Structure formats: C-alpha cells, structure tokens
Protein chains: 2
Amino acid sequence: MSSSDSPLPKFRRRAEARPDEVLDAALSLFMEQGFARTSVEQVARRAGISKGAVYLYFESKEAILVGLVNRAIAPLSEVLFENITSFEGDPRPALAQILRLMGQVMGQQRNRAVPLIVLHEAPAAPNIAALFREAVLDRSIPAISALLAQGVAGGYIRSVDPEMTARTVIGPILAHIILFEIFGIAKDDGLQMDRLIENHITILMAGLEPQKEH
Amino acid sequence: MSSSDSPLPKFRRRAEARPDEVLDAALSLFMEQGFARTSVEQVARRAGISKGAVYLYFESKEAILVGLVNRAIAPLSEVLFENITSFEGDPRPALAQILRLMGQVMGQQRNRAVPLIVLHEAPAAPNIAALFREAVLDRSIPAISALLAQGVAGGYIRSVDPEMTARTVIGPILAHIILFEIFGIAKDDGLQMDRLIENHITILMAGLEPQKEH
DNA sequence: TGCTAATAACTGACTGGTCAGTTATTTATT
DNA sequence: AATAAATAACTGACCAGTCAGTTATTAGCA
C-alpha cells in the first residue's frame with residue numbers, strides 16, 4: 001500500500017453525483033441486511049465517504065430511504081396508468097399485457113429491491129409506507145379496478161367485483177415474490193416469473209370469460 | 001398511592017402460567033409496535049413482572065418470538081393437510097372450502113398478527129422465517145399443488161401448472177391482507193375478507209373449468 | 001504564471017440515548 | 001433456615017445525528 005503516489009483525488013469537487021452514489025451504497029446494503037440493521041456509517045463507507053458527508057446530502061437515515069423510493073418510482077411514468085383508465089373494450093388483452101409487463105419488471109431483482117425494503121420498513125416508518133402507497137398502489141390498483149369495471153359494464157367479462165378482482169389479478173405476483181424473496185421458497189429453481197405469469201394469465205382469462213345467458 | 005397496606009402480593013410464586021403471560025404481553029406489544037421497536041423491558045412490564053424474570057422463562061428476545069410462532073402454529077394440526085393430499089376427484093369444491101376456511105381464519109386479526117410479525121422479522125431473523133416456512137408454508141402449499149395435480153391428472157380441471165396455480169389460489173388472500181395491514185388500503189371499509197374470498201372463488205372455479213375438446 | 005485568500009467538501013471524534021442480557025440482592029414460600 | 005422466585009441496578013455495545021476542525025479546489029490578484 002504505497003500512499004505517496006495515489007493518483008486518486010481525495011475529494012471530488014462539485015460532487016453532484018454524490019447523492020446517487022450514497023443511494024447506490026444504501027440500496028446494496030439495505031438489500032443485504034435490511035434498513036434497520038444497516039448503519040449510516042456502513043452506507044458512508046461503501047459510498048467511499050465519511051458518515052458526516054452523508055448528512056451533507058441527506059437530512060436523516062430515513063431521508064435516504066425516501067430518496068431510494070423516489071428514485072425507484074420515477075420511471076413509473078403517469079403514461080402507463082393514464083392509458084389504462086381510458087381503455088375501452090374487452091379488458092382481458094390489456095390485463096394480459098399489464099401482467100406480462102409486471103412480470104418483466106419484477107423479474108429483475110433490482111426492481112424488487114425497493115418495494116421489498118418498503119414492505120419491511122412500512123410498520124416502523126408510516127410515512128414511507130404512505131409515500132409508496134400514494135405513488136404506486138393508489139395509482140395502479142384503482143386503474144386495474146377501473147379497467148375491470150369498464151369491462152363488466154360493457155359485458156366483455158363476467159360480472160365480477162372490480163376492486164376484489166384487482167387483488168386476484170395482482171395478488172399471485174405479490175405472493176410469488178414474497179414466497180421467493182422472504183421465505184426462500186424454490187430458491188434453487190430461480191424465480192420463474194414467466195412461468196407464473198403465463199399460467200396465471202391462462203386461469204384469469206378463462207375465469208373472466210363472460211357467463212352464458214341462462 | 002398508599003404503599004403500606006397493599007394486599008396484593010408483590011410476587012406470585014410458582015407461576016407456571018408465566019410463559020404464556022409473557023407471550024400474551026409480547027404479542028400485544030409486537031402487534032402495536034413491531035418486534036424490533038419493542039423492548040424486553042416493555043414486555044416484562046405488561047406481563048406484570050421485571051425484565052430479569054422474563055429471562056427466567058426465555059433465553060433471549062428472539063426466543064419469545066419463536067414461542068409465539070410455535071403457539072400460533074400448534075392449532076394448525078396435520079389433519080388439515082393430510083386430508084387434502086389424499087383427496088380424489090374434482091378439486092374445485094375442496095379448493096373453495098379451503099379458501100373459505102382461510103378467509104375465516106385470516107379474517108380474525110389475532111390470527112393475522114403472528115404471520116405479519118414473521119413477515120416483517122424474516123430478513124433479520126432467518127431462523128424464524130425458516131421455522132414458519134417449514135411449519136406452515138412447506139406443508140400447505142405443496143398440499144394445494146398436489147390437490148391441483150391430482151385434479152389435472154383426473155381431467156377434473158384445466159391442464160394447469162399445479163405449483164404456479166397454487167400461487168394463483170392463495171396469492172390474492174396474501175395480497176389483500178398486506179394491502180390492508182401494511183399499506184392501510186381500504187382501512188375505512190374494513191378488511192372485507194368474505195367479499196374477497198367469494199369473488200376470488202367465482203373467478204377461480206371458472207378459470208379452472210376443463211377445456212372443451214377441440 | 002505564481003501566490004493568496006475564500007470556500008466547498010469532507011472528516012472523525014463525540015454526545016446522548018437505547019437496549020439486550022447479567023448479576024448481586026431481596027422477598028416469599030416450605 | 002433453606003431455597004426458589006423475582007427484582008433492580010448494572011454493563012457493554014451500538015448507533016443516529018452533531019460539530020469543530022481539516023483538506024482540496026477555485027477565484028482573485030500581482
């Protein structure tokens with residue numbers, strides 16, 4: 001370890017990349033150990049700075065988590081939800097498309113990480129839970145409910161309860177991820193998200209088939 | 001506050017009910033604040049004893065949680081699972097029955113409490129997660145899969161993937177509870193477990209209908 | 001081009017508080 | 001008196017957040 005010829009600058013002035021570097025370090029540590037068991041000191045070390053510097057960019061430890069949630073939510077543009085709510089016609093192809101998209105997105109571990117951390121931290125940090133709920137759940141679930149309600153009204157699908165059916169649509173994905181990530185079920189076989197999605201779509205399409213007139 | 005004439009004995013010797021009293025106190029506190037945010041001192045106070053006394057009955061704080069899980073699991077006798085795996089015929093009525101039973105059980109807040117605490121504590125305490133997985137998940141989910149596989153083999157239901165379909169069967173219940181308990185969705189309307197279960201059964205029964213020969 | 005403020009980036013020791021688990025002591029029971 | 005049960009004070013470790021001081025970088029000036 002020669003210390004004399006270190007070519008790396010000790011500081012990097014105008015470090016606008018720092019907050020993102022802190023978030024990267026925090027995400028990897030939170031994924032490994034969870035939020036509560038990770039200290040700010042650890043985050044700082046992994047980001048290559050001191051603990052004090054973290055507090056130059058984030059007000060508190062919780063603010064780091066808020067930053068992570070916001071960064072993860074950003075790409076989920078309004079476009080997706082807006083398009084769904086204005087949909088007309090048989091909702092089943094749209095549902096299948098949404099499910100395949102969800103499968104693709106949640107098939108990536110990095111996309112599962114933040115929701116899982118939020119899930120764990122929600123009871124201890126209600127404002128984090130509220131943030132996630134308002135930004136993700138309160139937009140996506142009503143959109144699916146509306147899509148289903150429109151399908152029922154138009155007679156395209158069986159006369160189901162739209163709100164509860166939204167749970168039947170998304171529930172299996174949530175369950176699959178939790179069983180895999182939290183309880184380690186089928187860890188050897190991998191997540192097999194595609195296998196789940198296609199099977200689920202098969203059952204759902206048939207289950208929503210409009211009833212014969214009796 | 002006269003302290004001289006207290007007729008209550010300060011100690012209650014030979015308290016064989018103590019472990020259960022500690023578990024009761026711990027459960028109510030864990031439900032209110034979560035495991036991590038509850039101190040052993042608080043558990044002791046609510047149980048009406050001192051902190052030191054808790055350690056006469058439980059080796060560690062985690063041992064209290066293990067005790068809670070075991071106490072919650074005990075009533076889930078083998079009978080349920082054994083009966084399912086040996087079932088022959090159309091699995092759909094059996095599935096509906098299982099779902100209605102799950103709905104009844106998980107409709108009670110006290111039955112949701114321990115699983116939710118485990119869900120929250122699983123990442124920090126892998127042995128708790130493993131205990132719950134082995135005692136509950138590894139017995140119930142394969143039982144449902146076997147029931148479905150038997151139904152497929154006998155031509156009673158559509159030719160689905162039994163393991164993945166098990167997620168479609170139980171996923172919505174899990175999702176509903178999590179959305180309600182952790183993210184507080186539909187808190188005003190109550191849990192409405194029956195409404196979910198009946199709607200889910202409708203879709204599931206139709207979705208598993210055997211395909212027409214083509 | 002050098003030299004000298006000025007300032008932005010950063011450090012690490014420190015504080016105050018919490019809490020799991022231990023132990024010396026006290027109290028009740030037989 | 002002997003013993004079991006329970007207490008309360010204590011220990012050691014951890015950690016979020018603070019702050020006085022240090023170092024790198026830039027700007028102004030000669």
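Residue numbering restarts at 1 for every chain, and letters A, B, ... go by the order of the sequence lines. This structure is a prediction, so every number in the text was calculated from the model and none was measured.
Spacing between atom CD of A:Glu21 and atom P of C:dA9 amounts to 13 Å, rounded to whole angstrom units. If you take CD1 of A:Ile49 and C1' of D:dT22, they are 16 Å apart, rounded to a whole angstrom. Per the geometry, NZ belonging to B:Lys61 stands 15 Å off P belonging to C:dT18, to the nearest Å. The CD1 atom of A:Ile64 sits 14 Å away from the P atom of D:dC15 (whole-angstrom rounding). Here D:dA4 presents its C1' atom at 10 Å from CG of B:Leu56, a figure rounded to the nearest Å. D:dG17 atom P lies 4 Å from atom OH of A:Tyr55, rounded to whole Å. Between A:Lys51 atom NZ and D:dC15 atom P there is a gap of 9 Å when expressed in whole angstrom units.
A distance of 7.0 Å separates CG of A:Asn199 from CG of A:Leu196, quoted to the nearest 0.5 Å.
Residues from residues 37-46 of chain A with heavy atoms under 4.0 angstrom of DNA chain D, sorted by number: A:Thr38, A:Ser39, A:Val40.
Between A:Ala53 and A:Ala36, it is A:Ala36 whose nearest contact on DNA chain D lies nearer the 5' terminus.
Pairs of residues two or more places apart, or lying in two chains, that qualify as ring-ring contact (aromatic ring centres under 6.0 Å, His included) and include a residue from residues 24-47 of chain A are A:Phe30-A:Phe35.
In this structure, the salt bridge (Lys or Arg N to Asp or Glu O under 4.0 Å) partners of B:Asp24, at least two apart in sequence or on a different chain, are B:Arg71. Judged as a salt bridge (Lys or Arg N to Asp or Glu O under 4.0 Å), and not counting sequence neighbours, B:Arg37 has no contacts. Evaluation of the side chain to side chain donor-acceptor pair (under 3.5 Å) rule for B:Asp138 yields B:Arg133 as partners, not counting sequence neighbours. With sequence neighbours excluded, the residues that form a side chain to side chain donor-acceptor pair (under 3.5 Å) with A:Glu198 are A:Arg100.
In terms of phosphate contacts, A:Tyr57 brings no side-chain nitrogen or oxygen within less than 4.0 Å of OP1 or OP2 of C:dA9.
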